[in-house]
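Accompanying notes for the structure given below.
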Amino acid sequence: MNKHLLIIDALNLIRRIYAVDSNQSNQEELAIKNAINRVERAVSKLLKQTIPSHAIAVFDGENSWRYQFYPDYKLNRKPMPEVLQTNLTHFAKQLTNLGVISYFPQEDEADDVIATLADKAAKQHINSTIVSTDKGFLPLLNQHIQVYDYFTAQYVNDKTIFDKFSVNKNQLTEFWALAGDPTNDIPGVKGIGKKTAQTLLAQYPSVTHALASTELNEKIRLKIESELNQYVISKTLATLRVDLPLGFSLKDLRLKRA
């Protein structure tokens with residue numbers, strides 16, 4: 001049997017499903033119950049669809065390195081509803097019943113854990129499917145790593161990335177470093193918006209190449225050079241780590257089928 005790793009961005013899936021159920025019900029207890037059942041059905045569907053040999057659902061740890069590196073990271077992000085936070089173990093239990101390991105890191109963000117898992121698997125020529133709507137995973141796409149949006153029932157590809165961002169997947173972190181990412185409170189370079197960033201990256205593969213060019217518009221050069229520290233901070237925040245020590249191996253994630 002070929003190895004295939006299913007990696008579920010647990011809170012991404014749970015929070016989106018819970019948001020729908022909480023809008024449909026004024027009773028928190030009922031909304032949680034419905035969300036748990038819907039998440040279980042969603043994961044069952046994913047297991048049947050992807051037929052993985054290994055699977056894991058990754059939750060978020062607290063106070064990851066990004067918050068220490070840049071205190072305003074996700075400063076304006078709406079906090080998780082307390083009722084949802086206190087019931088995460090119930091979601092995890094349902095996933096365990098399906099044979100899927102739930103992983104709660106102490107400090108690391110799920111994004112970095114997922115990126116590390118997918119990268120390690122890819123280096124062993126093992127295919128991974130990341131289930132998430134988080135755009136941060138898109139730079140990871142390669143012949144061994146794919147990203148699936150459960151809610152649109154679509155796999156993301158190079159074309160859909162370019163159609164949405166007007167840059168290729170290898171330039172996404174450069175794009176966010178320049179234009180910023182309001183959803184994560186990543187600042188970007190002051191005075192460089194999306195259009196300018198897209199135009200620059202259409203001409204140059206990276207900011208480094210742009211600054212080395214004698215043909216770069218001097219106004220843009222001045223903006224970048226005067227805000228170079230913000231560019232570096234933003235690119236660091238937007239870049240997923242693939243080197244986390246996880247404390248477990250792929251064999252520990254073998255799907256425990258009933």
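As the structure is a computational prediction, the values presented were derived from the model and not from experiment.
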Test item: Thr196 side-chain N/O and Ile192 main-chain N/O as donor-acceptor pair under 3.5 Å: no
Phe165 vs Leu138, side chain to side chain contact (heavy atoms under 4.5 Å, CB included): CA-CA, chis, key distance, verdict: CA-CA 11 Å; Phe165 298 101; Leu138 302 183; 3.8 Å; yes
Side chain Ser53, main chain His4, donor-acceptor under 3.5 Å: yes
For Glu109, salt bridge (Lys or Arg N to Asp or Glu O under 4.0 Å) partners two or more places apart: Arg66, Lys74
Heavy-atom closest contact (Ser44 atom, Leu98 atom, distance): OG-CD2, 3.4 Å
Spatial distance of atom CG (Leu255) from atom CD1 (Ile56) [nearest 0.5 Å]: 12.0 Å
Closest approach of Lys235 to Thr239 (non-hydrogen atoms, all atoms of both residues): O-OG1, 2.6 Å
Heavy-atom pair with the smallest gap, counting every atom of Leu5 and Ala121: CD2-CB, 4.3 Å
Pair Asn34-Asn37, side-chain donor/acceptor within less than 3.5 Å: no
Heavy-atom side-chain contact between Tyr150 and Ile8 under 4.5 Å: no
Where Ile224 and Val189 come nearest, the two heavy atoms and their spacing: CA-CG1, 4.1 Å
Gln146 CD to Asn157 CG distance, which is reported to the nearest 0.5 Å: 11.0 Å
Lys223: partners by salt bridge (Lys or Arg N to Asp or Glu O under 4.0 Å), with sequence neighbours left out: none
Common cluster, Leu250/Leu246, ILVMFWY with side-chain heavy-atom separation under 4.5 Å: yes
Working for side chain to side chain contact (heavy atoms under 4.5 Å, CB included), residues Tyr103 and Leu253: CA-CA 10 Å; Tyr103 179 57; Leu253 307 182; over 6 Å; no
ILVMFWY network linking Leu11 to Leu46, side-chain heavy atoms under 4.5 angstrom: yes
Under the ring-ring contact (aromatic ring centres under 6.0 Å, His included) test, residues paired with Phe104 that sit two or more places apart: Phe59
Distance in Å, Phe175 CZ paired with Leu201 CG, rounded so as to fall on 0.5 Å steps: 8.0 Å
Side-chain donor-acceptor contact under 3.5 Å, Asn184 with Trp176: no
Side-chain donor/acceptor of Asn168 to backbone N/O of Gln171, under 3.5 Å: yes
Nearest non-hydrogen partners of Leu211 and Glu225, listed with the distance: CD2-CG, 4.1 Å
Heavy-atom side-chain proximity of Tyr70 to Ile186 below 4.5 angstrom: no
Side-chain donor/acceptor of Thr116 to backbone N/O of Leu244, under 3.5 Å: yes
Connected via hydrophobic side-chain network under 4.5 Å: Val232 and Phe69: no
Polar side-chain atom of Asp185 near backbone of Leu75 as donor-acceptor pair, under 3.5 Å: yes
Interatomic spacing from CG in Asp72 to OH in Tyr67 - rounded to 0.5 Å: 11.5 Å
Side-chain H-bond candidate by donor/acceptor type, Glu174 with Ser206, under 3.5 Å: no
Considering all heavy atoms, the nearest Ala110-Asp9 contact: CB-OD1, 4.2 Å
Donor-acceptor contact present, side-chain Gln68 to main-chain Asn63, <3.5 Å: yes
Min side-chain heavy-atom separation Leu13-Phe91 under 4.5 Å: no
Single-linkage hydrophobic cluster Val147~Val113, side-chain heavy atoms < 4.5 angstrom: yes
Gap between atom OG1 of Thr199 and atom NZ of Lys194 - 0.5 Å precision: 13.5 Å
Thr183 and Lys135: side chain donor to acceptor below 3.5 Å: yes
Note, Thr96 side chain near Val100 side chain (heavy atom, < 4.5 Å): no
Under 3.5 Å donor-acceptor, Ser64 side chain and Asp108 backbone: no
Phe248 vs Ile101, side chain to side chain contact (heavy atoms under 4.5 Å, CB included): CA-CA, chis, key distance, verdict: CA-CA 12 Å; Phe248 58 84; Ile101 295 291; over 6 Å; no
From Phe162 atom CZ to Leu172 atom CG, the distance as rounded to the nearest 0.5 Å: 11.0 Å
Pairing residues for Arg241 by the salt bridge (Lys or Arg N to Asp or Glu O under 4.0 Å) criterion, not counting sequence neighbours: Asp243
Those residues that, when tested against Asp119, pass salt bridge (Lys or Arg N to Asp or Glu O under 4.0 Å) (two or more places apart): Lys123
No-hydrogen, no-angle side-chain donor-acceptor test under 3.5 Å, Asn127 and His144: yes
Within one Ile-Leu-Val-Met-Phe-Trp-Tyr cluster: Leu200 and Leu222, side-chain cutoff 4.5 Å: no
Heavy-atom side-chain proximity of Arg15 to Pro81 below 4.5 angstrom: yes
Close side-chain approach of Tyr148 to Val156, heavy-atom, < 4.5 Å: no
Side-chain donor-acceptor contact under 3.5 Å, Thr133 with Asp149: no
For His54, all residues meeting ring-ring contact (aromatic ring centres under 6.0 Å, His included), sequence neighbours excluded: none
Residue pair Val43, Leu47: steps toward the side chain to side chain contact (heavy atoms under 4.5 Å, CB included) verdict: CA-CA 6 Å; Val43 174; Leu47 291 173; 4.2 Å; yes
Salt bridge (Lys or Arg N to Asp or Glu O under 4.0 Å) assessment of Lys169 paired with Asp158: CA-CA 7 Å; Lys169 67 183 178 189; Asp158 291 359; 3.6 Å; yes
